[in-house]
Amino acid sequence: MKKIAIGTTNPAKVSAVQAVFSAENYILVPTTVSSDVAAQPFSDEETLAGAINRAKNALKKENADIGIGLEGGVVEMNKRLWVCNWGALVDKDGVVVSAGGARIPLPPEVAQGVLDGKELGDVMDEYTGMRNIRKKEGAVGIFTNSYVDRAEMFIHIVKLLAGQYEFQTNSFVKTDD
Ligand SMILES: O=c1[nH]c(=O)c2ncn([C@@H]3O[C@H](COP(=O)(O)OP(=O)(O)OP(=O)(O)O)[C@@H](O)[C@H]3O)c2[nH]1
Ligand SMILES: [Mg+2]
């Protein structure tokens, strides 16, 4: 079975990979690696770079066949601060596929905390009075009344990665669908 290194131990992200790459067909290894970008990425480019770096660092650290990186960030547009999310899948032959995910604007009071230099995850815990939102429904889950939680948002990205990888390498990923 192929080994897939996942460049995080955050359950919201790990569960998204597990939903697409089933443990029946793959050895899945969540592992903490650096994104080599800021803890709070502040543009699409920086967030995508973080995802690619995580995928490459995870593949290398775990000597895997495939590395997957998922990164959240924020983007300023139209005088609002938007949550953005990017993913990358790399393989040991050098194939790199990327995909972007859903984005929503943050309420001004939350955006201000991030603009003041805090990580969105920390601002979310302060804003909600809950703990580790980032590992559960996420900001996207809170502000969509759980219509879309963080794991579901990342499942969409991982499916985009798996499908592109299949198409580009004529391989078959065997999603659970
Ligand atoms: O509660 C959240 N809901 C979201 O929808 C969301 N999108 C981004 N972020 C935050 O942006 C920073 C970098 O994101 P991030 O990719 O590093 O995530 P993370 O730190 O939660 O996981 P990880 O670094 O352990 O993999 C972290 O402060 C994240 O908390 C979110 N937090
Ligand atoms: Mg982080």
Side-chain angles (χ1 to χ4, degrees), residues 4-21 28-62 64 66-77 80-90 98-158 160-161:
I4 298 180
I6 308 165
T8 181
T9 57
N10 182 320
K13 299 180 179 182
V14 173
S15 63
V17 177
Q18 290 168 334
V20 180
F21 292 91
L28 300 175
V29 182
T31 183
T32 300
V33 292
S34 173
S35 64
D36 298 330
V37 298
Q40 181 56 67
F42 240 94
S43 69
D44 282 316
E45 293 81 359
E46 186 179 12
T47 307
L48 173 55
I52 293 171
N53 295 339
R54 284 172 186 253
K56 290 180 175 175
N57 292 339
L59 182 142
K60 190 172 174 192
K61 177 180 174 185
E62 300 299 335
I66 288 172
I68 291 178
L70 300 171
E71 184 80 30
V74 291
V75 183
E76 289 191 88
M77 189 187 76
R80 297 294 300 272
L81 200 62
W82 299 68
V83 186
C84 72
N85 295 275
W86 287 90
L89 181 154
V90 302
S98 307
R103 52 189 68 202
I104 59 168
L106 293 169
E109 61 271 36
V110 171
Q112 193 53 54
V114 180
L115 291 168
D116 291 345
K118 293 179 188 168
E119 280 194 51
L120 176 56
D122 298 334
V123 175
M124 287 309 298
D125 286 2
E126 290 167 24
Y127 178 80
T128 61
M130 296 155 73
R131 287 189 46 68
N132 281 324
I133 293 280
R134 66 203 312 173
K135 295 182 176 174
K136 294 176 280 200
E137 63 270 56
V140 65
I142 296 291
F143 299 127
T144 66
N145 260 4
S146 297
Y147 270 66
V148 176
D149 69 13
R150 202 175 187 202
E152 183 180 347
M153 191 274 302
F154 275 122
I155 285 174
H156 191 245
I157 293 178
V158 176
L160 292 170
L161 296 173

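Not measured: the values here are computed from a predicted model. Whatever order the structure lists them in is the order used to number ligands and atoms, beginning at 1.
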Would you say Lys136 has more than 12 foreign heavy atoms packed within less than 6.0 Å of its NZ? yes
Hey, is NZ on Lys61 packed in by over 12 heavy atoms from elsewhere, all under 6.0 Å? yes
Nearest protein heavy atom with distance in Å, relative to atom 28 (O) of ligand 1: Glu119 OE1, 2.5 Å
Any idea which protein heavy atom is nearest atom 20 (O) of ligand 1, and the distance to it? Arg134 NH2, 3.1 Å
Using a 4.5 Å cut-off on heavy atoms from C-beta on, say whether the side chain of [Y] contacts that of [X].
X: Gln18; Y: Leu28; result: yes
X: Tyr127; Y: Ile133; result: no
X: Arg103; Y: Met77; result: no
X: Leu70; Y: Thr8; result: no

What atoms of ligand 1 come closer than 4.0 angstrom to any heavy atom of [X]?
X: Glu71; answer: 16 (O), 17 (O)
X: Asn10; answer: 19 (P), 21 (O), 22 (O), 25 (O)
X: Ala39; answer: 12 (C), 13 (C)
X: Gly138; answer: 1 (O), 2 (C), 3 (N)

Considering both backbone and side-chain atoms of Thr8, is one of its nitrogen or oxygen atoms within less than 3.5 Å of a nitrogen or oxygen in ligand 1? yes
Inter-residue atom distance Cys84.SG - Glu71.CD, 0.5 Å rounding: 9.0 Å
Only one of Thr32, Asp36, Thr31 passes side-chain hydrogen bond (donor to acceptor under 3.5 Å, both in side chains) with Asn57; say which it is. Asp36
[X] contact mode with ligand 1 (heavy-atom cut-off under 4.0 Å):
X: Leu120; value: both
X: Ser35; value: neither
X: Arg150; value: side chain

If hydrogens are left out, which of [options] has an atom nearest to [atom], that is, the closest non-hydrogen atom?
atom: atom 17 (O) of ligand 1; options: Met130, Arg54, Met124, Glu137; value: Arg54
atom: atom 30 (O) of ligand 1; options: Gly72, Ala139, Gly121; value: Gly121
atom: atom 12 (C) of ligand 1; options: Arg103, Lys136, Lys13, Gln40; value: Gln40

I'd like to know if the side chain of Glu46 reaches the main chain of Phe42, judged simply by a donor and an acceptor atom lying under 3.5 Å from each other, with no hydrogens or angles considered. yes
Examine ligand 1 and decide if any of its atoms is less than 4.0 Å from a heavy atom belonging to Gly7. no
